[in-house]
Amino acid sequence: MCGIVGLFLKDKSLEPQLGNLLSDMLITMTDRGPDSAGIAIYGGSAEGKAKITIQSSNPGADFDGLAADLEEAGIKAHVWIKSTHAVIELDASKLGAVREALERIRPAVRLMGSGESVEIYKEIGLPKDVVARFGVRAMSGTHGIGHTRMATESAVTTLGAHPFSTGADQCLVHNGSLSNHNNLRRELVREGMIFETQNDSEVAAAYLTAEMAKGKDLGQALTGALDDLDGFFTFVVGTKSGFGVVRDPIACKPAVMAETDQYVAFGSEYRALVNLPGIENARVWEPEPATVYFWDHDKAA
């Protein structure tokens with residue numbers, strides 16, 4: 001049992017409130033998963049810039065002097081430290097180079113996510129503590145997803161927490177379990193995908209990344225997941241401009257959605273949505289089994 005939340009803003013005037021709204025939604029789901037929690041926030045970045053979020057179990061050693069060491073490696077970057085995480089902003093053309101540099105000069109850090117807009121923060125602990133630790137309430141953005149975990153398939157670790165990100169500006173949160181993740185992982189490794197954990201949810205994220213790399217949009221990739229992934233699942237997925245939801249054909253994991261002129265929201269239970277502005281006038285429904293729901297800021301669903 002895990003708790004999932006997601007919020008896709010249509011109304012730009014709500015963007016400064018994204019972190020605060022999403023934090024309240026996630027904290028409400030605490031009793032569905034006390035082991036670890038995480039949030040992905042999609043916000044803007046300067047043109048031609050990219051961001052990479054990293055995590056360290058020894059941030060004092062790994063983050064001290066990091067900007068200077070990157071510059072010595074030929075990469076000019078700004079580094080913002082948030083507890084055990086740091087966000088590195090740099091020229092988008094240097095994104096591959098910074099990963100190689102980090103492997104060399106900071107081998108202990110772990111990549112949480114990267115791209116032009118996404119920042120991912122996740123740690124062991126209760127949602128209220130994770131939210132406070134990383135100052136999520138003060139963050140603005142266009143959309144975001146969150147997860148609070150009750151571990152069933154793997155150990156309780158930072159890397160095992162959700163969201164999982166396996167592609168630029170892509171991430172996934174999952175409630176359920178997959179039965180064919182080992183076979184699918186082997187196929188994806190042969191295609192060049194790299195895995196950090198044995199978690200089945202990371203396989204689902206990698207599957208979507210691989211499908212989108214073939215030219216599919218998020219909606220098409222989620223449709224393919226219904227045929228290729230076995231097990232029980234509710235997925236909420238984010239891309240740079242998109243937000244998608246899908247449940248397996250049996251749909252035994254709880255889910256509720258709400259839509260107004262200002263936003264689309266998802267929660268594992270309705271109580272996650274009750275404090276959203278205008279919720280009393282929202283269209284509220286339970287997402288259908290084996291049905292893809294997909295919104296995108298750049299194009300019609």
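Just so it is clear, the structure is predicted and the values come from calculations on it, not from any experiment.
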Return yes if some donor-acceptor pair links the side-chain N/O of [X] with the main-chain N/O of [Y] below 3.5 Å, else return no.
X      : Y      : value
Tyr263 : Pro277 : yes
Tyr293 : Glu288 : yes
Asp24  : Ala272 : no
Asp248 : Ala251 : yes
Arg32  : Arg149 : no
Asn20  : Arg137 : no
Asp230 : Asn180 : no
Thr142 : Gly43  : no
Glu202 : Glu196 : yes
Asp91  : Lys49  : no

Tell me, yes or no, whether the heavy-atom count around Glu47 atom CD, taken from other residues, nucleotides or ligands under 6.0 Å, exceeds 12.
no
More than 12 heavy atoms of other residues, nucleotides or ligands under 6.0 Å from CD of Glu89: yes or no?
yes
No-hydrogen, no-angle side-chain donor-acceptor test under 3.5 Å, [X] and [Y]:
X      : Y      : answer
Tyr121 : Glu119 : yes
Glu123 : Thr158 : yes
Ser13  : Asp11  : yes

So, are [X] and [Y] salt-bridged, with charged N and O less than 4.0 Å apart?
X      : Y      : result
Glu286 : Arg247 : yes
Arg283 : Glu259 : yes
Arg271 : Asp31  : yes
Lys240 : Glu116 : yes

Pi-cation contact, Phe195 with Arg185 (under 6.0 Å, within 45°):
yes
Do Lys253 and Phe235 meet the cation-pi criteria used here (NZ or CZ under 6.0 Å from the six-membered ring centre, within 45° of the axis)?
no
Tell me whether the centres of the aromatic rings in Phe243 and His297 are closer together than 6.0 Å.
no
Yes or no on side chain to side chain donor-acceptor pair (under 3.5 Å) for Gln170 and Thr239, after CA distance, side-chain angles and deciding distance?
CA-CA 5 Å; Gln170 298 173 25; Thr239 67; over 6 Å; no
Applying salt bridge (charged side-chain N to carboxylate O under 4.0 Å, His left out) to Glu71 and Lys76, what does each step give before you reach the verdict?
CA-CA 5 Å; Glu71 187 164 5; Lys76 187 174 182 179; 5.8 Å; no
Could you report the tightest heavy-atom contact between Lys12 and Pro16, atom names first, then the distance?
O-CD, 3.9 Å
Tell me whether the rings of His147 and His162 are parallel (<30°), tilted (30 to 60°) or perpendicular (>60°).
parallel
